[in-house]
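The structure under discussion appears below in the form of structure tokens.
Hydrogens, waters and symmetry mates play no part in the numbers below; they use all other heavy atoms, side chains included. If you read the sequence from its start, that first residue is 1, and numbering goes on from there.
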Amino acid sequence: MTFAFSTLGCPGASLDHVLELAKSNDISGLELRAADEEFTNTGLTAAERRELRTRIEDAGLEILAVSSYVKLCAVEEQPLEAHLELAADLGARGVRVFPGDPDPSAAAGTADSPSAGEIRALDRVTSAPRDSQILLETHDSHSAGRKMAGLLTLLDSDVPGHNTKVIWDSAHTWSHGETPAESFELLKPWLEFVQIKESDSQQKYRPVAIGTGDFPIQDLLGALDGQDYPLSLEWELKWHPHLPPLEEALPATQRWISPAGQ
């Protein structure tokens with residue numbers, strides 16, 4: 001099974017540092033956080049994009065996603081096209097986007113009653129370039145697998161041939177009352193890869209160090225048995241500085257996802 005990590009876990013780090021982390025921990029994929037202060041951003045020149053792609057490919061790594069902060073359902077204008085162009089230039093599978101529906105209580109997922117935000121998402125997907133995939137993460141308004149599956153079903157119905165897939169943040173769906181098996185069955189038709197992290201339901205699902213929470217990692221691995229979806233550690237050190245660094249989290253995660261959880 002492919003093991004990857006997000007550079008959200010090493011905010012501000014250089015490309016050299018990220019490549020060394022990957023080499024030291026048998027990593028084969030990356031999620032590249034896109035932000036002005038990171039080495040991945042939409043302001044890169046064509047030459048800088050070529051160099052970044054070459055160095056990552058030469059290291060034997062695949063870019064699973066350029067991780068944007070685009071909100072597909074938002075009212076405000078979103079820089080989706082610029083991020084899709086960046087992902088295409090870097091050879092990434094696609095661009096991570098959030099649903100970001102400003103009315104998360106609205107009925108979701110049926111052709112008869114989409115929210116206004118979901119209609120905006122349909123319009124954006126319809127008009128977006130298709131050189132790279134749009135990768136919707138189970139997050140914010142559509143954290144639950146059931147709600148995300150509803151939105152993708154709506155896309156299937158209204159935008160035939162769309163290029164939108166799902167990044168399954170397995171901690172988010174679990175925090176919304178779904179077992180890993182339930183979420184997998186809901187999301188399987190559109191699933192691109194799976195994000196993992198440790199969290200603690202007794203602390204309102206706060207991210208915690210590997211092995212100190214109660215995320216059902218073995219249930220997740222059981223649901224994915226026989227599948228080849230990449231697993232990516234989304235280590236939220238940028239937002240949760242109490243977490244240990246990736247230098248500790250990556251080897252701990254390798255042990256955590258071993259068959260015996262050792």
So do [Y] and [X] actually touch side chain to side chain, heavy atoms under 4.5 Å?
X	Y	result
Phe184	Leu220	no
Val75	Arg120	yes
Leu8	Ser67	no
Leu19	Arg55	yes
Asp140	Asp101	no
Pro216	Pro180	yes
Leu250	Phe5	yes
Val194	Ser170	yes

Testing the 3.5 Å rule here: is there a donor-acceptor pair between the side chains of [X] and [Y]?
X	Y	value
Ser201	Asp214	yes
Glu178	His172	no
Ser115	Asp103	no
Gln254	Ser258	no
Asp169	His139	no
Ser6	Trp235	no

Worksheet item: After noting the C-alpha distance and the side-chain angles of Lys165 and Arg93, does the key distance pass the side chain to side chain contact (heavy atoms under 4.5 Å, CB included) rule?
Response: CA-CA 10 Å; Lys165 295 289 189 69; Arg93 290 192 183 189; over 6 Å; no
Main chain of [Y], side chain of [X]: is a donor-acceptor contact present, judged purely on distance under 3.5 Å?
X	Y	answer
Ser24	Leu21	no
Ser199	Phe215	no
Gln227	Leu224	no
Ser127	Asp123	yes
Thr126	Leu122	yes
Arg33	Thr7	no
Glu198	Gly211	yes
Asn41	Glu38	yes

If I take atom [atom1] from residue [X] and atom [atom2] from residue [Y], how far apart are they, to the nearest 0.5 angstrom?
X	Y	atom1	atom2	value
Tyr229	Thr2	OH	OG1	13.0 Å
Glu85	Leu90	CD	CG	10.5 Å
Gln78	His83	CD	NE2	10.0 Å
Leu231	Ile196	CG	CD1	5.0 Å
His142	Leu151	NE2	CG	4.5 Å
Thr164	Arg124	OG1	CZ	12.5 Å

Flag yes if [X] and [Y] sit in one hydrophobic cluster, no otherwise; membership is Ile, Leu, Val, Met, Phe, Trp, Tyr, and two members link when side-chain heavy atoms are under 4.5 Å apart.
X	Y	result
Leu61	Phe193	no
Val208	Trp256	no
Leu233	Leu135	no
Val70	Ile63	yes
Val95	Leu155	yes

Please report the shortest heavy-atom distance between [X] and [Y], naming the atom on each side.
X	Y	result
His162	Leu152	CE1-CD1, 4.0 Å
Cys73	Pro102	O-CD, 3.6 Å
Arg49	Thr42	NH2-O, 2.9 Å
Ile27	Ala4	CG2-CA, 4.0 Å
Glu81	Pro129	CG-CG, 3.7 Å
Ser143	Thr138	O-CB, 3.5 Å

Discussion item. Determine whether Met148 and Leu136 satisfy the following criterion, side chain to side chain contact (heavy atoms under 4.5 Å, CB included), listing intermediate values before the conclusion.
Written reply: CA-CA 8 Å; Met148 181 61 81; Leu136 259 169; 4.0 Å; yes
So that I can tick it off, tell me whether [Y] and [X] are bridged by a salt bridge, with the cut-off set at under 4.0 angstrom between side-chain N and carboxylate O.
X	Y	result
Arg96	Glu31	no
Glu57	Arg53	yes
Lys238	Glu37	yes

Quick check: are there more than 12 heavy atoms from other residues, nucleotides or ligands sitting under 6.0 Å from [atom1] of [X]?
X	atom1	result
Asp26	CG	no
Lys197	NZ	yes
Glu51	CD	no

Worksheet item: Do the ring centers of Tyr205 and Trp174 come within less than 6.0 Å of each other?
Response: yes
Worksheet entry | side chain to side chain contact (heavy atoms under 4.5 Å, CB included) assessment of Thr179 paired with Asp219 | CA-CA 8 Å; Thr179 68; Asp219 291 347; over 6 Å; no
Fill in: salt bridge (Lys or Arg N to Asp or Glu O under 4.0 Å) assessment of Arg146 paired with Glu182
CA-CA 9 Å; Arg146 187 168 302 281; Glu182 289 168 341; over 6 Å; no
Item to complete: Return the orientation label for the Tyr69 and Phe98 ring planes: parallel under 30°, perpendicular over 60°, tilted otherwise.
Response: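 Rings of Tyr69 and Phe98: perpendicular, over 60°.
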Discussion item. Apply side chain to side chain contact (heavy atoms under 4.5 Å, CB included) to residues Glu118 and Leu154 and explain how you reach the verdict.
Written reply: CA-CA 9 Å; Glu118 290 176 328; Leu154 184 63; 4.2 Å; yes
